[in-house]
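Before any comments, here is the structure.
Only a predicted model underlies this, so the values are computations on that prediction, with no experimental measurement involved.
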Amino acid sequence: MRKHLVIALAAVCALGAGCGRSTSGTAAPTPPSSTGKSAKDLVPEAVRKSGELRMATSEGYPPMEMYKPGTQEMTGVDADLAVAVGARLGLRTRIINASFDGLIPGLQGGRWDIAMAALSDLEQRRKAVDFVDYFNAGGSIMVKKGNPEAIKALADLCGKKVVLAKGSSNLEIGKRQNDKCAQKMEIMQSEDAPTGLLTIDSGRTVATIVDSPVATMYAKETGKYDVLPEQYDAGPWGIAIDKKQTGLRDAVAKALQELVDNGEYGKILEKYGTTANAVAKVTINTGA
């Protein structure tokens, strides 16, 4: 969900993608059948010849994407799944760290093949890319340990100082709630979740909204925060692929389903404590 960024639409528009709402009732593409060709067989010739799957991400959202301590080696749910998908496709996965705002424009410009960065499958984004949906999550409220403000739900944020990641759909959740507040929130916008949490540490704000698996990991690792149980705007996260690359999209979808079926997908999610966010079946463009 930070990562629920409702994309720098100006950047998407500048690259020629439509910026209006998609036509209602448009059917989502059906993932390739489990019979017939393997994922490796579906790889487009140009990608096959390159020998690699270029995956772009945006580091800094554990457990989805992060550096191994003391290294520049990427790890996390998205990194491990990308490597596993590449292996199913007979390709070496090359992981590229990029700015979050640049992920989809980079796909459109051919700088990388896929993007995985806790990207929500949203209608606005599907104007520019297709999503192979592989994960389900929503935003959760984070507060200082012990919850001194006794916050229980979104409505309790009214009248309080709140920090939300710039451009994220967690920010959109907060703004929608603020529209309902008789006493408005004071919303500070941070560059990312870690920066926002610093404002809670210093007492400048009292709460934030962060993607649920990310919030749970930060709370567990630091011991400084509580995460409220409810998830808001829960929905699918997807692997983004340029809309022109339907062959690669289908190959990636088939590879992911093969990983689900053989149990490797489940092992990767279990490794990072995100089993509750698993999907039983890989889908394409099934978000809101």
Backbone N/O of [Y] and side chain of [X]: donor-acceptor pair under 3.5 Å:
X      : Y      : result
Glu186 : Lys161 : no
Gln257 : Val282 : yes
Ser58  : Ala98  : yes
Asp80  : Val77  : no

For the residue pair [X] and [Y], establish whether any side-chain heavy-atom pair is separated by less than 4.5 Å.
X      : Y      : value
Glu52  : Thr93  : no
Val279 : Phe135 : no
Glu230 : Tyr232 : yes
Met185 : Gln177 : yes
Asp113 : Ile241 : no
Tyr67  : Glu73  : no
Asp156 : Ile141 : no
Lys144 : Val206 : no

Next item on the list: I would like to know whether Asp41 and Ser38 meet side chain to side chain donor-acceptor pair (under 3.5 Å); could you show each step before the answer?
Entry: CA-CA 5 Å; Asp41 293 332; Ser38 69; 3.1 Å; yes
Nearest 0.5 Å please: distance from the [atom1] atom of [X] over to the [atom2] atom of [Y].
X      : Y      : atom1 : atom2 : result
Thr216 : Met142 : OG1   : CE    : 8.0 Å
Leu42  : Arg249 : CG    : CZ    : 11.0 Å
Met55  : Asn97  : CE    : CG    : 9.5 Å
Ser50  : Leu91  : OG    : CG    : 6.0 Å
Asp250 : Gln245 : CG    : CD    : 11.5 Å
Tyr265 : Leu259 : OH    : CG    : 10.0 Å

Determine whether the side chains of [X] and [Y] contain a donor N or O and an acceptor N or O closer than 3.5 Å.
X      : Y      : value
Asp130 : Asn285 : yes
Thr195 : Asp192 : yes
Asp78  : Tyr134 : yes
Tyr272 : Thr75  : yes
Glu258 : Asn262 : no

Regarding [X] and [Y], does a basic nitrogen lie under 4.0 Å from an acidic carboxylate oxygen?
X      : Y      : result
Lys224 : Asp201 : yes
Lys281 : Asp133 : no
Glu191 : Lys166 : yes

Item to check | Worked check of salt bridge (Lys or Arg N to Asp or Glu O under 4.0 Å) between Lys184 and Asp179 | outcome: CA-CA 8 Å; Lys184 300 300 182 184; Asp179 289 340; 5.2 Å; no
When every non-hydrogen atom of Ser212 is compared with those of Ser140, the smallest separation belongs to CB-OG, 3.4 Å
When every non-hydrogen atom of Tyr218 is compared with those of Gly60, the smallest separation belongs to OH-O, 3.2 Å
Verdict with reasoning, Thr205 to Thr199, per side chain to side chain donor-acceptor pair (under 3.5 Å):
CA-CA 6 Å; Thr205 64; Thr199 70; 2.7 Å; yes
Check: Ile200 and Thr208: side-chain contact (heavy atoms from CB on, under 4.5 Å), yes or no, with the steps?
Finding: CA-CA 8 Å; Ile200 294 179; Thr208 185; 3.9 Å; yes
Could you go step by step and tell me if Tyr225 and Leu197 meet the side-chain contact (heavy atoms from CB on, under 4.5 Å) rule? CA-CA 9 Å; Tyr225 313 102; Leu197 290 173; 3.5 Å; yes
*asked:* Let's go through Ile187 and Leu171 carefully: what are the C-alpha distance in whole Å and the side-chain angles of both, what is the deciding distance for side-chain contact (heavy atoms from CB on, under 4.5 Å) to 0.1 Å, and is it a yes or a no?
replied: CA-CA 9 Å; Ile187 298 177; Leu171 173 61; 4.1 Å; yes
Of Ile96, Ile114, Leu107, the one forming a side chain to side chain contact (heavy atoms under 4.5 Å, CB included) with Arg54 is Ile96
Other residues, nucleotides, ligands: >12 heavy atoms within 6.0 Å of Lys243 NZ: yes
Check: Does the side-chain contact (heavy atoms from CB on, under 4.5 Å) test come out yes or no for Glu45 and Val47, once each step is laid out?
Finding: CA-CA 5 Å; Glu45 186 61 24; Val47 179; over 6 Å; no
